[in-house]
Amino acid sequence: MSTILIVDDEVQILKTMRRLFSETDYKILTAENGMDALTLLEDNPIDLIISDMKMPLMNGYQLLSTVKAKYPHIIRVSLSGYADEVAMHKRVLHNIADFSIFKPWNNDKLLQSIDKIFQTHSIIYSGKLTETVKSHELLKPFPKNIQRMFQLLDNEDEDKLYTEIEQDPYLSEKLMNVTDAAIYGAMPGSVKQAAIYIGMYNLKCFLYWATATLPSNEKGEDEELRNLLEKHSLSTNKILLFLYEAFLHKQPLEASLFTGLLHNIGLLALVQDSKNQYIKDFDSTDEILNQLLFNEQERYGATHQEIGAYLLSHYDMPFPVVESALYHHTPLNPAVVNSELTICVHIADFYAWKYIMGKNYICLNENIFDHINVSRKDFEKRLERYMNKVLLA
């Protein structure tokens, strides 16, 4: 039985939450302030914490930040009213919550979301997957300059971070490239303008992707494959943003601007581990996905989706980005919380391969467009015009 700790200074909210979870299999503990919550955390095995953000003495941001540092395995959920959304920037930047609940909430949707988050965490943090990542040494340390930049980001030292990126030729070029992939319209004229446009929380995703795609010292077919995967991730992000802007008329969730870049990060990691095998896999003529996943299960006991989600979670990437990495080939999985984003990544992934390779490298769920109320025929027609313009630019 999983245990949920609910923290709120309003007793009525705690009573409401207790009633809400009364018919579930979860064990519920409650606390009226952050200090009492920390005491309960010391004395009880907690699996998930739901904390109100506005509380006296210790607010929810301080509490969840402490929980993140001391108990990183605990799932963190923030509870807030729309009036305090000015604090959302810091909450998103420091990734203190896997999920946010807004008052007033829908009871059924809340319970479903909690169940789904538990299902996803059970996959990512399974002992078998952890052992696979460790045994194959897939967790690589960041270069010192990247470590320093993450520290500047954590300290919210924007000017120094922008300067560090500007002074690094590789990162400067990459940032302008990914900003081009993130903007459906006019490009910023400088590295600093690009960084400001993206926002600090998306820069975290960019820095991780840039590190994962650092060129290797080896030349030949393996380097060609790494370049292909990098090109594919950039194209996926372009198509993802095109889909959101042109058809959904909005941008993805905050801190999810580069979900297209990161969705296949597990594949990049595994290619570095088994270069020759993946070169053979990618020599297949059409729809290699099923064979690719089968080979990964044989070699690792896990797929690139699962390994990618593990790596992204370990490096503190936002939950919607982690979730899209895990489910981008199965976007209609009932465990998906951010279904719209995951569906759009699935579509962008398919068409990126189609435009790069000229063939269907993966399978597209035939009914997927119906779930976001978009006409596939209209999308393909407008995407062709857009991609032709991009390729000619």
Side-chain angles (χ1 to χ4, degrees), residues 2-34 36-38 40-41 46-56 58-68 71-122 124 201 250 252-256 313 316-324 327 334-342:
S2 298
T3 301
I4 297 175
L5 172 60
I6 303 170
V7 190
D8 200 304
D9 61 309
E10 296 184 43
V11 175
Q12 189 56 46
I13 294 288
L14 296 179
K15 289 181 179 178
T16 300
M17 283 284 193
R18 272 198 174 278
R19 286 197 298 271
L20 176 61
F21 285 98
S22 62
E23 295 184 8
T24 70
D25 293 329
Y26 298 117
K27 177 182 177 182
I28 301 300
L29 300 177
T30 60
E32 294 181 25
N33 59 70
D36 287 349
L38 292 177
L40 285 170
L41 285 162
I46 305 295
D47 300 291
L48 182 147
I49 180 171
I50 301 174
S51 176
D52 185 34
M53 298 307 291
K54 281 192 172 182
M55 297 185 295
M58 175 184 285
N59 62 35
Y61 178 86
Q62 293 168 320
L63 173 59
L64 292 180
S65 296
T66 302
V67 172
K68 178 180 175 179
Y71 310 99
H73 64 283
I74 294 179
I75 302 169
R76 304 176 304 277
V77 177
S78 66
L79 176 63
S80 63
Y82 285 101
D84 70 349
E85 281 309 283
V86 290
M88 181 61 82
H89 172 79
K90 285 175 67 70
R91 207 181 316 175
V92 172
L93 174 61
H94 299 293
N95 197 32
I96 66 159
D98 296 289
F99 184 69
S100 296
I101 300 170
F102 297 103
K103 304 173 185 176
W105 61 80
N106 177 289
N107 286 346
D108 291 337
K109 188 174 180 180
L110 188 155
L111 289 176
Q112 290 170 10
S113 296
I114 295 296
D115 289 343
K116 291 176 179 181
I117 292 171
F118 269 117
Q119 289 179 54
T120 294
H121 270 251
S122 70
I124 297 174
Y201 34 79
K250 59 183 178 180
L253 299 164
E254 277 190 302
S256 300
S313 182
D316 199 30
M317 297 299 115
F319 181 75
V321 178
V322 174
E323 189 180 49
S324 290
Y327 298 114
V336 176
V337 176
N338 301 286
S339 58
E340 179 186 85
L341 178 64
T342 308

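All values reported here derive from a predicted model rather than from experimental measurement.
- Leu14 and Ala31 get closest at one heavy-atom pair: CD1-O, 3.8 Å.
- In terms of heavy-atom proximity, Ala37 sits nearest to Val7 at CB-CG2, 3.7 Å.
- Looking at Asn59, its side chain never comes within 3.5 Å of a backbone N or O of Met53 through a donor-acceptor pair.
- Between Glu323 and Val336 the shortest side-chain heavy-atom distance falls below 4.5 Å.
- One distance of note links CG of Leu64 with CE of Met58; it measures 10.5 Å at 0.5 Å rounding.
- Atoms CG and CG, from Asn33 and Asp9 in turn, are 8.5 Å apart once rounded to the nearest 0.5 Å.
- Here CG of Leu20 is found 11.0 Å from CD1 of Ile13. Values are rounded to the nearest 0.5 Å.
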message: For a side chain to side chain contact (heavy atoms under 4.5 Å, CB included) check, start with the C-alpha distance between Tyr201 and Arg91, then their side-chain angles and the critical distance, and finish with the verdict.
response: CA-CA 10 Å; Tyr201 34 79; Arg91 207 181 316 175; over 6 Å; no
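- Closest non-hydrogen pair, Gly60 versus Ser51, comes out as CA-OG, 3.6 Å.
- Taking the six-membered ring for Trp and thresholds of 30 and 60 degrees, Tyr26 and Phe118 have nearly parallel ring planes, at less than 30 degrees apart.
- Considering all non-hydrogen atoms of both residues, Ile96 and Ser65 come closest at CG2-OG, 3.6 Å.
- Closest of all the heavy-atom pairs between Val92 and Glu254 is CG2-OE1, 4.0 Å.
- Separating the CG atom in Leu5 from the CD1 atom in Ile49 is a distance of 4.5 Å, to the nearest 0.5 Å.
- Side chains of Asn95 and Lys68 form a contact here, defined as non-hydrogen atoms less than 4.5 Å apart.
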query: Given the rule in the side chain to side chain contact (heavy atoms under 4.5 Å, CB included) test, do Val77 and Ile114 qualify, once you have shown the distances and angles that lead to the verdict?
result: CA-CA 9 Å; Val77 177; Ile114 295 296; 4.3 Å; yes
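- Annotation: Lys27, atom NZ; neighbour count of heavy atoms from other residues, nucleotides and ligands within 6.0 Å does not exceed 12.
- Note that the OG1 atom of Thr16 and the NZ atom of Lys103 stand 10.5 Å from one another [nearest 0.5 Å].
- A 4.5 Å side-chain heavy-atom check between Met17 and Ile4 finds every atom pair outside the cut-off.
- Other residues, nucleotides and ligands place no more than 12 heavy atoms under 6.0 Å from the CD atom of Glu23.
- The aromatic rings of Tyr61 and His94 lie perpendicular to each other, with more than 60° between the two planes, well past the 30° mark.
- The two residues Thr120 and Ala335 have their closest heavy-atom pair at OG1-O, 3.9 Å.
- At a threshold of 4.5 Å between non-hydrogen side-chain atoms, the residues Leu110 and Phe99 do not count as touching.
- In this structure, the side chains of Ile46 and Leu29 come closer than 4.5 Å at one or more pairs of heavy atoms.
- Within the 4.5 Å cutoff, side-chain heavy atoms of Trp105 are placed close to those of Leu79.
- With Asn106 contributing its side chain and Lys109 its backbone, the two residues share a donor-acceptor pair below 3.5 Å.
- To the nearest 0.5 Å, atoms CG (Asp98) and NE2 (His121) are separated by 4.0 Å.
- The side-chain heavy atoms of Leu41 and Tyr71, taken from C-beta on, include a pair separated by under 4.5 Å.
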